[in-house]
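Take a look at the structure below.
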Amino acid sequence: MVFHYGTVETDWGRMTYTDSSGAGHSLLFLHGTGCDSSDWKSIIEQLPRHQRYITLDFRGHGQSSVPTEPFTLTNLADDVLHLINAIRIQEVILVGHSLGGMVAMEAAKHSPCITGLVLLEGWTSLSSAGSAFDSGRFYGSLPQTEITNIQRKAEVTRNRFKSNVWESFWTSVKEFDAYAYLEQACIPICKVFGGMGRNELTEQKLRIPSNPNIQLRWVSNAGHYLPHECPAEVAEICINFVETLS
């Protein structure tokens with residue numbers, strides 16, 4: 001599978017992305033806080049080669065420029081829509097991990113081009129998610145070397161930002177709440193969570209409204225970092241989701 005590396009100019013700097021050639025459904029992958037496009041590699045390698053796959057680096061992440069002015073989670077959703085328009089995607093499925101899942105929900109509010117969401121631990125709200133699981137499940141069963149790599153990349157990314165810029169962004173993440181959107185969503189949505197630390201109150205605290213368009217999936221023996229812990233399972237979930245749309 002061959003990927004084209006590209007950039008889109010914005011008012012805050014240069015946004016980088018990758019784009020494969022392909023027909024059929026397009027999938028746009030949105031990474032979590034402190035991660036970047038490269039974290040999707042092991043998943044995309046296991047997906048059908050005939051489809052189109054796009055990744056992007058959020059502001060200040062990966063190869064994208066570091067913004068000097070404060071921004072919010074909503075601005076990240078605007079960046080996603082800007083990319084969709086810039087590379088002329090007519091219909092797209094957003095696959096988001098953690099922060100990327102939250103951004104995906106915010107973007108889906110504003111664009112009919114987004115036809116489905118696969119949300120990998122993409123929280124309805126961060127405040128409720130913090131107490132939804134038993135402790136000790138964050139990195140799942142990842143080896144210490146990979147945990148160290150994740151932590152190091154996150155620290156390097158965080159240190160790129162001026163403190164006031166990061167604080168503004170992170171405040172918006174803590175204030176984000178997608179319950180009203182999920183309650184009325186008219187597109188297929190697959191909410192995926194790692195099963196480690198799950199207890200009798202988990203589903204209640206995750207605040208997933210009753211909506212026939214929302215499917216809930218659990219990945220056993222996995223924690224928060226699903227793209228790193230179980231890429232084969234995530235790829236299978238994406239494949240099955242696309243099949244349901246077809």
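These values consider heavy atoms only, across backbone and side chains, with no hydrogens, waters or symmetry-generated copies. The chain is numbered in sequence order, starting from 1. If you're wondering where the values come from, they're calculated on a predicted model, not measured in any experiment.
A side-chain donor from one of Trp12 and Asp79 sits under 3.5 Å from a side-chain acceptor of the other. Judged by distance alone, the side chains of Ser125 and Arg207 do bring a donor and an acceptor atom under 3.5 Å apart. Side-chain N/O atoms of Thr18 and Ser37 include no donor and acceptor closer than 3.5 Å. Defined by atom type and a distance below 3.5 Å, a donor-acceptor pair is missing between the side-chain atoms of Tyr181 and Glu183. Side chains of Thr148 and Thr145: a donor-acceptor N/O pair is absent below 3.5 angstrom, by distance only. Between the side chains of Ser172 and Thr72, no donor N or O sits under 3.5 Å from an acceptor N or O.
No donor-acceptor pair closer than 3.5 Å links the side chain of Asn240 to the backbone N or O of Ile237. Checked by atom type and distance alone, the side chain of Arg14 never pairs as donor or acceptor with a backbone atom of Ser65 at under 3.5 Å. A donor-acceptor pair under 3.5 Å is formed between the side chain of Asn211 and the backbone N or O of Leu182. Side-chain atoms of Asp19 never come within 3.5 Å of backbone atoms of Phe3 as a donor-acceptor pair (strictly under, hydrogens ignored).
A heavy-atom distance below 4.5 Å is not found between the side chains of Leu30 and His97. Looking at heavy atoms from C-beta onward, Leu83 lies in side-chain contact with Leu28 at the 4.5 angstrom threshold. Looking at heavy atoms from C-beta onward, Glu91 lies out of side-chain contact with Cys113 at the 4.5 angstrom threshold. Taking the side chain as every heavy atom from C-beta outward, Arg52 and Leu27 never approach each other to under 4.5 Å. Under the 4.5 Å side-chain criterion, counting only non-hydrogen atoms from C-beta, Trp123 is in contact with Leu206. Considering only heavy atoms from C-beta on, Gln151 comes within 4.5 Å of Tyr139 through its side chain. Put simply, the side chain of Pro231 reaches to within 4.5 Å of the side chain of Gln46, judged on heavy atoms. Glu69 is not listed as a side-chain neighbour of Val165, based on a closest heavy-atom distance of 4.5 Å or more.
Both Ile239 and Phe241 are members of a single hydrophobic cluster when ILVMFWY side chains are connected at heavy-atom separations under 4.5 Å. Note on Met102 and Val234: separate hydrophobic clusters, where clusters join Ile, Leu, Val, Met, Phe, Trp and Tyr whose side-chain heavy atoms are under 4.5 Å apart, directly or indirectly. Following chains of ILVMFWY side-chain contacts shorter than 4.5 Å, one can reach Ile84 starting from Leu76, so the two form part of one hydrophobic cluster. Hydrophobic clustering of Ile, Leu, Val, Met, Phe, Trp and Tyr side chains at less than 4.5 Å, counting indirect connections, keeps Ile87 apart from Phe29. Following chains of ILVMFWY side-chain contacts shorter than 4.5 Å, one cannot reach Val95 starting from Leu99, and the two form parts of different hydrophobic clusters.
The aromatic rings of Trp166 and Trp170 lie parallel to each other, with less than 30° between the two planes, well short of the 60° mark. Ring pair Phe138/His224 is parallel by interplanar angle, where below 30° counts as parallel and above 60° as perpendicular. Classified by interplanar angle (parallel below 30°, tilted 30° to 60°, perpendicular above 60°), the ring pair Phe161/Phe71 is tilted.
Of the inter-residue distances, the one linking Asn149 atom CG with Glu146 atom CD reads 7.0 Å to the nearest 0.5 angstrom. Expressed to the nearest 0.5 Å, how far SG of Cys238 lies from CD of Glu233 amounts to 12.0 Å. From Ser38, atom OG reaches atom NZ of Lys41 across 9.5 Å, with rounding to the nearest 0.5 Å. Here OG of Ser98 is found 7.5 Å from CG of Leu126. Values are rounded to the nearest 0.5 Å. Annotation: the span from Trp218 atom CH2 to Lys191 atom NZ amounts to 10.5 Å, rounded to 0.5 Å. Ile43 CD1 to His228 NE2: the interatomic distance, rounded to the nearest 0.5 Å, is 8.5 Å.
When all heavy atoms are compared, the tightest approach of Ala178 to Met105 is CB-SD, 3.7 Å. Heavy-atom minimum distance, Gly34 versus Thr157: O-OG1, 3.8 Å. Between Gly197 and Thr202 the shortest heavy-atom distance is O-OG1, 4.1 Å. For the pair Ile214 and Pro209, the tightest heavy-atom approach, listed with the atom from each and the gap, is CD1-O, 4.1 Å. The shortest non-hydrogen separation linking Leu120 to Pro227 is CD1-CG, 4.1 Å.
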request  = Walk me through it: do Phe193 and Val219 pass the test side chain to side chain contact (heavy atoms under 4.5 Å, CB included)?
outcome  = CA-CA 6 Å; Phe193 297 95; Val219 181; over 6 Å; no
message = Let's go through Ile189 and Gln215 carefully: what are the C-alpha distance in whole Å and the side-chain angles of both, what is the deciding distance for side chain to side chain contact (heavy atoms under 4.5 Å, CB included) to 0.1 Å, and is it a yes or a no?
response = CA-CA 6 Å; Ile189 298 173; Gln215 175 189 11; over 6 Å; no
query = Taking it one step at a time, do Leu56 and Thr16 satisfy side chain to side chain contact (heavy atoms under 4.5 Å, CB included)?
reply = CA-CA 6 Å; Leu56 68 76; Thr16 60; over 6 Å; no
ask   = How far apart are the C-alpha atoms of Met15 and Glu9, what are their side-chain angles, what is the distance that settles it, and do they pass the side chain to side chain contact (heavy atoms under 4.5 Å, CB included) test?
value = CA-CA 6 Å; Met15 178 167 57; Glu9 295 301 323; over 6 Å; no
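For the pair Glu121 and Arg137, the salt-bridge criterion is met [side-chain N within less than 4.0 Å of a carboxylate O]. Taking the charged nitrogens against the carboxylate oxygens, Glu203 and Arg198 do have a contact shorter than 4.0 Å, which makes a salt bridge.
Atom CD of Glu155 has 12 or fewer heavy atoms from other residues, nucleotides or ligands within 6.0 Å. Shown here is Arg160, whose CZ atom has more than 12 heavy atoms of other residues, nucleotides or ligands within 6.0 Å. No more than 12 heavy-atom neighbours from other residues, nucleotides or ligands sit within 6.0 angstrom of NZ on Lys162.
Screening Leu117, Thr115, Asn213 against Ile187 for a side chain to side chain contact (heavy atoms under 4.5 Å, CB included) leaves a single residue, Leu117. Test Trp40, Phe58, Tyr17, Tyr225 against His31 for ring pair (Phe, Tyr, Trp, His ring centres under 6.0 Å) and you get one pass: Phe58.
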